[in-house]
**Q** 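Sharing a structure, written as C-alpha cells. Questions coming.
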Amino acid sequence: MKDGKTPTHTLTSYYIPTDVEGTPLVDPTVGPAGRGGGFAVLTLQGLEPDHITESVYGRMPTPEEVTQLELPAGEPVMILKRCTYTAEHRVIEFARGVHAASRFAWTYTFTIPD
C-alpha cells in the first residue's frame, strides 16, 4: 500500500481454502476481491465477519522490508496480526501486515457494524 508514491505498509490475508474456493480471493493478483474486499466475498460465502482482534508489536525491519517500504535508516516496523471471526467465533481470516512504525500503533477488538 502507498500514500501517494511512498510505501506505507504491506498486508497479506490468509483464508481456509474451502471457504474461498472459486472466489476472487484465490486469484493471485493483488487486490482482486473488488468493492468490500475479502469481507464482502466471505459474506457472500455465508461467512459474515462479526468481530476482529488485532494486535500490533514493533521490531526492526528485515533488509527486504527496508527495501520494500523504502524505510529510512533505523526506522522500526510495526507488525499487525489480525484474526476475523463470524458471530459463532469461527476464524475466517488471518492477516499479517508490516507497517512503517512512524505511522501506526493500535490493539483493539470490535464488532463490525451493519
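On a predicted model such as this, the values are computed, not experimentally measured, just so you know.
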**Q** Kindly compute the distance separating CZ (R90) from OG1 (T84), expressed to the nearest 0.5 Å.
**A**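 Here the interatomic distance stands at 12.5 Å.
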**Q** Identify each donor-acceptor pair in which a side-chain atom of residues 70-81 lies under 3.5 Å from a protein atom, sequence neighbours left out, and give them as a table.
**A**
from: E75; atom 1: OE2; to: A101; atom 2: N; distance (Å): 3.4
from: E75; atom 1: OE2; to: S102; atom 2: N; distance (Å): 3.1
from: E75; atom 1: OE2; to: S102; atom 2: OG; distance (Å): 3.0

**Q** The criterion is side chain to side chain donor-acceptor pair (under 3.5 Å); which residues satisfy it with T86, sequence neighbours excluded?
**A** E88
**Q** Give a yes or no on whether Y15 and V26 share a hydrophobic cluster (residues Ile, Leu, Val, Met, Phe, Trp, Tyr; joining criterion: side-chain heavy atoms under 4.5 Å apart).
**A** yes
**Q** May I ask you to list the residues sharing a hydrophobic cluster with V91, side-chain cutoff 4.5 Å, ordered by chain and number?
**A** Y85
**Q** Please examine the side chains of I112 and I52, heavy atoms only from C-beta on, and report whether any two atoms are closer than 4.5 Å.
**A**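 I52 vs I112: side chains touch.
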**Q** Using a 4.5 Å cut-off on heavy atoms from C-beta on, say whether the side chain of I16 contacts that of I92.
**A**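 In short, these two side chains do not touch, never coming nearer than 4.5 Å.
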**Q** Is the side chain of T6 donor-acceptor paired with the backbone N or O of K2 at a distance under 3.5 Å, no angle test?
**A**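 It does not hold such a pair.
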**Q** If you look only at distance, which donor and acceptor atoms sit under 3.5 Å apart when one is on a side chain in residues 41-51 and the other is two or more places apart or in another chain?
**A**
from: T43; atom 1: OG1; to: F39; atom 2: O; distance (Å): 2.9
from: Q45; atom 1: NE2; to: D19; atom 2: O; distance (Å): 3.0
from: H51; atom 1: NE2; to: H89; atom 2: ND1; distance (Å): 3.4

**Q** Report the distance from atom OG1 of T12 to atom CZ of F94, rounding to the nearest 0.5 Å.
**A** 10.0 Å
**Q** Within a reach of under 6.0 Å around CE of M1, are more than 12 heavy atoms found that belong to other residues, nucleotides or ligands?
**A**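 Count not over threshold, so no.
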**Q** Under 4.5 Å between side-chain heavy atoms, counting indirect links through other Ile/Leu/Val/Met/Phe/Trp/Tyr residues: same cluster for Y57 and L69 or not?
**A** yes
**Q** Check salt bridge (Lys or Arg N to Asp or Glu O under 4.0 Å) between R59 and all other residues, then give those that pass, not counting sequence neighbours.
**A**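 Salt bridge (Lys or Arg N to Asp or Glu O under 4.0 Å) check on R59 returns E65.
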**Q** Only counting residues at least two apart or in another chain, list the ones meeting salt bridge (Lys or Arg N to Asp or Glu O under 4.0 Å) with E54.
**A** R82
